[in-house]
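Below: the structure, in structure tokens.
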Amino acid sequence: MFGSLLDILTSKVSSFILQGACSKMNDLEFLEKKIAKWKNSPQRMMQLKGHLYYNGDHDILKRKRTMIGEDGKLQVVENLPNNRIVDNQYAKMVNQKANYLFGQPFAIECKNKQYAEQLKKVFNKRFMRTLKNSAKAAYNGGIAWLYPYYTETEEFAFRIFPGYEILPFWKDSEHTALEFAVRLYIVMGYEGTTPAIIEKVEIYSPDGVHKFLLDRGKLLPDVVNEDETDCCHVVIKDTGGKVQGLNWSRIPLIPLKSSESEQPLLKRVKSLQDGINVMLSDFENNMQEDARNTILVLKNYDGTNLGEFRKNLATYGVVKVRYDDSSKGGVETLEITVNAENYKTIVEIFKKALIENAMGYDAKDDRLSGNPNQMNIQSMYSDIDIDANDTETEYQAAFEEILWFVNAHLANTGQGNFEGEDVTIIFNRDMLMNEAEAIQNCVASVGLLSDETVIGQHPWVDNPKDEIERLGKQKQKEQEEFENQYDPFTRKG
């Protein structure tokens, strides 16, 4: 189906890569320079930081205690307490925002019942989990990528590529259509018998997936994957067991953005998260510096140096000083008190500011005390709701791409041609509510609104249509029992 890997890159990829490249630069050199620039770019570093911070790997873990030396410059001090405490409020915000919008299964509205049933099979619980995890990756990196593929058992599925793995080349400035994309990822391998980290590069183009190794900044053909079928988007086996490579008519990478700016959430709150970690670490450091909480003032110390004094004090609990007619020795103290309230106040300010800047909500908000009404709850959720609107807009647009691949899969596998069918995806936001107040409002709306509308707003109902069917069956059963009970021919009642 294809020639060699280099022939593919020259004949297929060059037609769109060279649009932005210098005429004297060949395709590989162009890609190598783009990858090198992007690999250490501030944008990608922040994406990596987002994933590291989410997993608890914060900058505080690399901090060292320093002091001003004799030359006025900072010097590392090894003999002081150096606690590195991580209070991961950032990960809490990421989980909170992802679960708020994607924690509940989304609903599918479609007039074509056959199509709706097919979509439910594709958008199963595993897909729901993938979608929620993609939201976490999108918040960490500003953008994540959904990759449709077929498993080894030829099952249609999706997987996530984090934002720091994908270098996109967009057709437009709004970043809505891909021209092609480069994926950079690492695998563990061996150079002889020595374990080594191997950097791999995959170029996703309309012509397939072209695989390379990145060796000291140079792109080399991945000889392990030199077989021609590896250069297709999809590799399947026909009924005779023959391997066949096929390509989608679109690049199989779907961008999932947390917002149109593609800004990682960490960029908004990193300084506040670092401040929380520093305050907690410094507080524990100060509490552990027992001997330094008290400054000792020595008079005519009968020893050679301060090191000996500290050793005697730690070992024997006493020190020897000179006290005679010529010298009046002694030890006086200056007390230093660590005010815990100061640290507590600063940490509380930082946490509140982090929640506001992350546009989350405080589950310990005073508005939840007692019996909060729905207006107070909605007020508490206002920030996260506004931010969720941006994320939902981006995901709704992404679902148009997702449905295109799903429709192509259904058509190619003979399960039906549903192109042009209208589908509405409804995300069910996970918001607290005053159930008693919501139920009271539903009761007050009976007769003013349709039963379906009222039942759909009831806090105990997940599927209004199923609930209406159950109500119909219940009323029919009650009617039959009533008729049997008061039937004059049965002489009851």
Side-chain angles (χ1 to χ4, degrees), residues 40-69 73-100 133 135-142 144 162-164 258-259 261 263-293 336-366 380 383-384 387:
N40 297 310
S41 64
Q43 180 184 6
R44 185 169 183 267
M45 291 298 102
M46 185 56 69
Q47 290 177 329
L48 286 166
K49 278 284 186 183
H51 287 268
L52 290 173
Y53 265 59
Y54 179 78
N55 292 317
D57 190 358
H58 294 202
D59 288 351
I60 190 71
L61 299 177
K62 302 177 181 65
R63 191 177 76 152
K64 296 181 179 180
R65 292 292 299 272
T66 59
M67 61 171 290
I68 299 176
K73 298 180 180 179
L74 289 178
Q75 296 179 355
V76 176
V77 182
E78 301 290 348
N79 64 336
L80 296 181
N82 186 19
N83 292 282
R84 303 177 181 94
I85 298 176
V86 173
D87 183 9
N88 205 341
Q89 295 294 310
Y90 167 74
K92 179 181 176 181
M93 287 294 102
V94 171
N95 289 335
Q96 186 184 92
K97 295 166 79 66
N99 280 280
Y100 176 72
N133 291 339
K136 295 179 182 180
Y139 283 119
N140 285 329
Y164 60 81
S258 60
S259 66
S261 64
Q263 183 188 75
L265 180 62
L266 183 65
K267 196 170 184 179
R268 293 191 238 163
V269 300
K270 183 176 183 299
S271 59
L272 294 167
Q273 176 63 72
D274 289 341
I276 293 172
N277 295 339
V278 168
M279 284 296 103
L280 294 175
S281 301
D282 284 351
F283 177 70
E284 187 168 0
N285 287 341
N286 289 332
M287 294 300 294
Q288 287 183 351
E289 292 177 10
D290 297 333
R292 293 182 184 274
N293 289 339
I336 298 177
T337 302
V338 178
N339 192 335
E341 288 300 318
N342 290 343
Y343 287 92
K344 181 180 179 181
T345 301
I346 294 174
V347 169
E348 288 178 353
I349 291 173
F350 280 175
K351 286 186 176 181
K352 184 176 180 179
L354 188 146
I355 293 172
E356 291 181 353
N357 281 270
M359 299 190 75
Y361 66 87
D362 184 4
K364 301 179 180 67
D365 195 290
D366 294 337
M380 185 185 73
D383 283 349
I384 194 172
D387 199 48

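Since this is a predicted model, take the numbers as computed values, not measurements.
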- Task: Could you please spell out the steps behind the side-chain contact (heavy atoms from CB on, under 4.5 Å) verdict for Ser281 and Ile60?
- Result: CA-CA 9 Å; Ser281 301; Ile60 190 71; 3.8 Å; yes
If we ignore hydrogens and angles and just use 3.5 Å, is the side chain of [X] paired with the main-chain N or O of [Y] as donor and acceptor?
{"X": "Asp387", "Y": "Asp383", "value": "no"}
{"X": "Lys49", "Y": "Asp59", "value": "no"}
{"X": "Arg268", "Y": "Asn357", "value": "yes"}
{"X": "Arg84", "Y": "Arg63", "value": "yes"}

Looking at [X] and [Y], what are the two nearest heavy atoms and their distance?
{"X": "Arg44", "Y": "Tyr164", "answer": "NE-O, 2.8 Å"}
{"X": "Pro264", "Y": "Met46", "answer": "CG-CG, 3.9 Å"}
{"X": "Ala144", "Y": "Ala138", "answer": "CB-N, 3.9 Å"}
{"X": "Gly141", "Y": "His51", "answer": "N-NE2, 4.2 Å"}

- Message: With side-chain contact (heavy atoms from CB on, under 4.5 Å) as the criterion, how do Leu272 and Gln89 come out once you've worked through the C-alpha distance, each side chain's angles and the decisive distance to 0.1 Å?
- Response: CA-CA 9 Å; Leu272 294 167; Gln89 295 294 310; over 6 Å; no
To the nearest 0.5 Å, tell me how far [X] [atom1] sits from [Y] [atom2].
{"X": "Glu348", "Y": "Ile276", "atom1": "CD", "atom2": "CD1", "answer": "11.0 Å"}
{"X": "Asp282", "Y": "Asn83", "atom1": "CG", "atom2": "CG", "answer": "9.5 Å"}
{"X": "Asn82", "Y": "Gln288", "atom1": "CG", "atom2": "CD", "answer": "10.0 Å"}
{"X": "Lys97", "Y": "Ile384", "atom1": "NZ", "atom2": "CD1", "answer": "5.5 Å"}
{"X": "Gln96", "Y": "Lys92", "atom1": "CD", "atom2": "NZ", "answer": "7.0 Å"}

- Could you tell me which residues satisfy side-chain contact (heavy atoms from CB on, under 4.5 Å) with Glu341, sequence neighbours excluded, listed by chain and number?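 Glu341 satisfies side-chain contact (heavy atoms from CB on, under 4.5 Å) with Asn339, Lys344 once adjacent residues are dropped.
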- What do the steps show when you test Tyr139 against Asn95 for side-chain contact (heavy atoms from CB on, under 4.5 Å), and what is the final call? CA-CA 9 Å; Tyr139 283 119; Asn95 289 335; over 6 Å; no
Side chains of [X] and [Y], heavy atoms from C-beta outward: is any pair under 4.5 Å?
{"X": "Leu266", "Y": "Tyr54", "result": "no"}
{"X": "Tyr343", "Y": "Asn286", "result": "yes"}
{"X": "Tyr53", "Y": "Val94", "result": "no"}
{"X": "Leu80", "Y": "Asn285", "result": "no"}
{"X": "Val269", "Y": "Met93", "result": "no"}

- Query: Using a distance-only test with no angle check, is there a side-chain donor-acceptor pair under 3.5 angstrom linking Asn140 and Tyr90?
  - Reply: yes
- Picking from Lys351, His58, Gln273, what satisfies side-chain hydrogen bond (donor to acceptor under 3.5 Å, both in side chains) with Asp87? Lys351
- Task: Evaluate the side-chain contact (heavy atoms from CB on, under 4.5 Å) criterion for residues Asp362 and Met380: first the C-alpha distance (whole Å), next the side-chain angles of each, then the deciding distance (0.1 Å), finally the verdict.
- Result: CA-CA 8 Å; Asp362 184 4; Met380 185 185 73; 5.8 Å; no
